[in-house]
Each structure stands twice: as structure tokens, then as C-alpha cells.
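Inspection log for the structure reproduced underneath, given as C-alpha cells.
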Protein chains: 2
Amino acid sequence: MVVKKQKQTKQSINRQELEARILRSAEIVFAEKGYNGSSMEAIAAVAKISKQNLIYYFSNKELLYKRVLKEMLDIWIEKLSFLEKDGDTPEQVIRRYVHEKMQLSRLYPNGSKVFAHEIISGAPMLKDYLVSHLKPQFERDVKLVKSWISKGLIADIDAEHLFFTIWAATQTYADFSLQMEVLLVKTSLDEDDFERAESAVTEFVMRALGAKKIN
Amino acid sequence: MVVKKQKQTKQSINRQELEARILRSAEIVFAEKGYNGSSMEAIAAVAKISKQNLIYYFSNKELLYKRVLKEMLDIWIEKLSFLEKDGDTPEQVIRRYVHEKMQLSRLYPNGSKVFAHEIISGAPMLKDYLVSHLKPQFERDVKLVKSWISKGLIADIDAEHLFFTIWAATQTYADFSLQMEVLLVKTSLDEDDFERAESAVTEFVMRALGAKKIN
DNA sequence: GTTATTGCTGACCGAAAAGACAAGTTCAAA
DNA sequence: TTTGAACTTGTCTTTTCGGTCAGCAATAAC
């Protein structure tokens, strides 16, 4: 792809920084309030600019929302490519997959929540993207898992539902973190919690694959 | 508890029916739009009554929302008591637990979604309920699982995170059903899908517990 | 049948929010 | 230093929404 070389003026730098700050702010508000519950005013307040200025950068709410969603999804698609490196065993591939997904829950909890709100709501703004981007990757990954099964490398499990379970089990640490905080009596999930979570989920998945040795 | 005997007039019967219809309608709308995105007008439209009449039955939106949430949670708490019946093995208890949870996802997808929206949003109206009702049950259930571990009845797994994983893996079939429909190229998840899902999840959990035989 | 209670509706209000618009300010290039 | 573009803000309009209120209609109690 050709990227137009842009002169870096004081303005253009400010612009980039401010856009990024707006997107982060929007993510926070959308995660907490959903699309309808979030006002441009509230987002502007978090970004510490006026509402009118926010509208100058993102001319309307829907556009801003879609940008937030798309940023999250692009990161996911990128990080979760289920590629086999040479010499990797299925176990290694899946282990890395779970690790990456868990990282994403930890690093981008707000984006994850925005996505969750959107899917639960019937994905009015996202369905096309799911079909065009997520589905091909899903189908490729399922095919790979099935080939492992037919080669006898892993147990004969339900490949599609394996993915659903991995996604659910990892994403829950972003979306439902509040429930866990209440149950574990913590104000927020810390690094240790995520480590425990990751090793619990990893072990869970490894056993599902029929791995002989766990550690 | 003493229940006051109420005369069953034509009016009181209608009232009960209409209240129930309103609650079902509210559940549908809240599931799709979340609290903020749902208008009383929209709920009234689904229930096929006027907005004013809706307000006559439920004097404000917050109250209606809390009723919807509470109904769902009461059902969950009731169905998901992790009680050992005499002679049950841990495997049987957990198998039944997964089965019940899966049933709830199938039978009450809308209530589940309302709950999910609420938790993701930081549970502004639910935190107290979680602490007072869900937490004690969780702690009791975790204790039981840990006792099984110490008796060597099941593998040495992380009890807390086992629950988180089971909840996530089962609830995802209600909350994220749209994503699955897209990926599996279906208009809705049918009975077969739920059966496949349940047996996949059950098998995963059973393996995690270290069960020797799967089928 | 008369009265009291319950159920229901149309008209209205105030608050919040999206966005348009115009005016002013800062900055970079000539 | 001037000029035009990029940036910022205050004001205003329109729409949506939660909720009130007065009055009408149906039903139950006597």
C-alpha cells in the first residue's frame, strides 16, 4: 500500500494525538454505556475538549463508534491469525492462540466490551464485517483443526465449538471482569489474576485436546 | 411466607397476564438495546399497549428494568444450586450443572443478554444483588469443588476459574448467538446446535476434571 | 342501579442530546 | 506580513424521551 508522505507540522502532530485521545475516550464511554447511552458530550468531556470540537474531528456519533469498533477488530484479526510456524505442534499453536487472546482481554478491555455490546445487540453495524473478515478466518482455522484431528494429532473434538469455548473463556475476563471482582472481592483484576486465569484456561483447553502431559 | 389470598376477578387475571406480557416485551427490547437504548415507547409497542398504559403498570423505566433483571437472576439462582444429591459423583453434579446452565441459555436468551449488558456496563443496578445473592452461592460451590480435589475425586484444577469458564462457555450461546449464526451460516441456532454445543462443552469440562472415561 | 375502584388515553412538559451554523482564533506557507 | 486553511467555541434548532395530569371508560362492590 502506498502511504502518502505527509509533512509533519505542529498541527498534524496535534491532530494525530488528539484523534487518538478521542478514540480512547470514546472507547471508555461506549464500553460503559453502549452506543445509545453514550453522548457526544460525555465523550468530549473524557477527552477534555468541547463537544463542538469533537464533532469537528468526528462529524457524527455513528462514524466515531464504527471507528472504535473497527480499530478493535483489526487488532483482533491481526493478533489472532492462527498460523502454523514451521515445526509447531498443534499444542503450541493453540497455546499461543489462547495466550494472545488473553492478552487482548487484558490490554483492550474497553474495546472488547464495545464489541460485546454490539454483538449482543444484534450487531447492527457489524454484521457485514463479521461475514467478510471474521468468517473466512474462522473457516480456515476450523479446517486446520480438523486436519489435525484426522491426522490423529489431537483428540476428536468439535472444532467449531472449541473456538467458541476458547473465545468465551478468554473474553469473559474483559467483559465480565466486574462479576469476577465482586466474587473474588477485589477492586480490579490484577496481573496475578490474569496469570492464574490464563494458566487455568490453557490447562482446560489442553486437556480438551487430549494432551497427555499438562505442564 | 404468607401469601394474601386474592380474589380472582376478571380484572386481576387480565392484570397478571398483561404484566407478564409487558415483562416479556421489556426483556426483548432491553436485550437488544440495553437500558439506555430502550425507550418506554418501544417496549409499549412490542407489548401492544400505549406508553401511558405501560407507565400505569410500571411507573418508571428503572423499576421495570430491575424487575426484568431480578426475574432472570432468581431463575438462575434457583436452577443453578450446586447441590449434591445422595450418591452423586462430582462428575454427575457438574454434568448436571452444565446441562442446566445450557438450558437457561436456550430458554432465556433475552434475560441472559440483559444481564450481560448490565455486567459489561459495570452493573450499576446489580452490584448489591451480586454481593448478597450470587457471592454466597459461589463461595459455597467453590468450597465444595475444593473438597472434591482434596479428596482426590477430581483433578487439581483452579476451582474459581473453573466456574468462570463454565459460565462463559455456556452463556456465550445466549449472548453471542449472533456471531455463531454468522459463522455457522444459519439464521438461528436450533435444537441440534444446542445439543452439539452442550456435548462439546460437557466433554471439555469432563476432561478438565480428569475424568477417565468420556462417553 | 348507584357508587367506588381500577384501567386506560390524549395532551402536555421539561430535560437531554445530536447536530447546524456562524464567528473567532491559531498556524503555516508565500 | 498577509492570506488561506485548520482549529475551536458559543448559540440555536429540532427531536426524542421519561414522566405528569386530567379526564374518560370499564368493571366490581354494594
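Computed from a predicted structure; not experimentally measured.
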So, OP1 or OP2 of [N]: does either fall under 4.0 Å of a side-chain N or O from [X]?
| X | N | answer |
| --- | --- | --- |
| B/N53 | C/dT9 | yes |
| B/Y57 | C/dC8 | yes |
| A/Y56 | D/dT8 | no |

Can you pull out the residues from residues 28-52 of chain A that lie within a 4.0 Å heavy-atom distance of DNA chain D?
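DNA chain D contact set from residues 28-52 of chain A: A/S50, A/Q52.
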
What is the distance, rounded to the nearest whole Å, between atom [atom1] of [X] and atom [atom2] of [N]?
| X | N | atom1 | atom2 | result |
| --- | --- | --- | --- | --- |
| B/I22 | C/dG7 | CD1 | P | 11 Å |
| B/R15 | D/dT27 | CZ | P | 15 Å |
| B/N60 | D/dG18 | CG | P | 11 Å |
| A/I55 | C/dA20 | CD1 | C1' | 9 Å |
| B/L63 | D/dG19 | CG | P | 10 Å |
| B/F58 | D/dT20 | CZ | P | 16 Å |
| B/L18 | D/dA26 | CG | C1' | 15 Å |
| B/L54 | C/dT9 | CG | P | 11 Å |

Please collect all ring pair (Phe, Tyr, Trp, His ring centres under 6.0 Å) contacts where either partner lies in residues 15-49 of chain B, sequence neighbours excluded, each pair once.
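Ring pair (Phe, Tyr, Trp, His ring centres under 6.0 Å) check on residues 15-49 of chain B returns B/F30-B/Y65, B/Y35-B/Y65.
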
Going by side-chain contact (heavy atoms from CB on, under 4.5 Å), name the residues that satisfy it together with [X], two or more places apart in sequence or in a different chain.
| X | value |
| --- | --- |
| A/A174 | A/S105, A/P109, A/S112 |
| A/L80 | A/Y97, A/E100, A/K101, A/L104 |
| A/E19 | A/R15, A/Y57, A/F58, A/R67 |
| A/A123 | A/E118, A/I119, A/L126, B/L178 |

Parallel, tilted or perpendicular, as decided by the 30° and 60° cut-offs, for the rings of B/F164 and B/H161
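It falls in the perpendicular class, over 60°.
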
Anything under 30° is parallel, anything over 60° is perpendicular, the rest tilted; go ahead and classify A/F115 against B/F176.
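Rings of A/F115 and B/F176: tilted, as their planes differ by 30° to 60°.
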
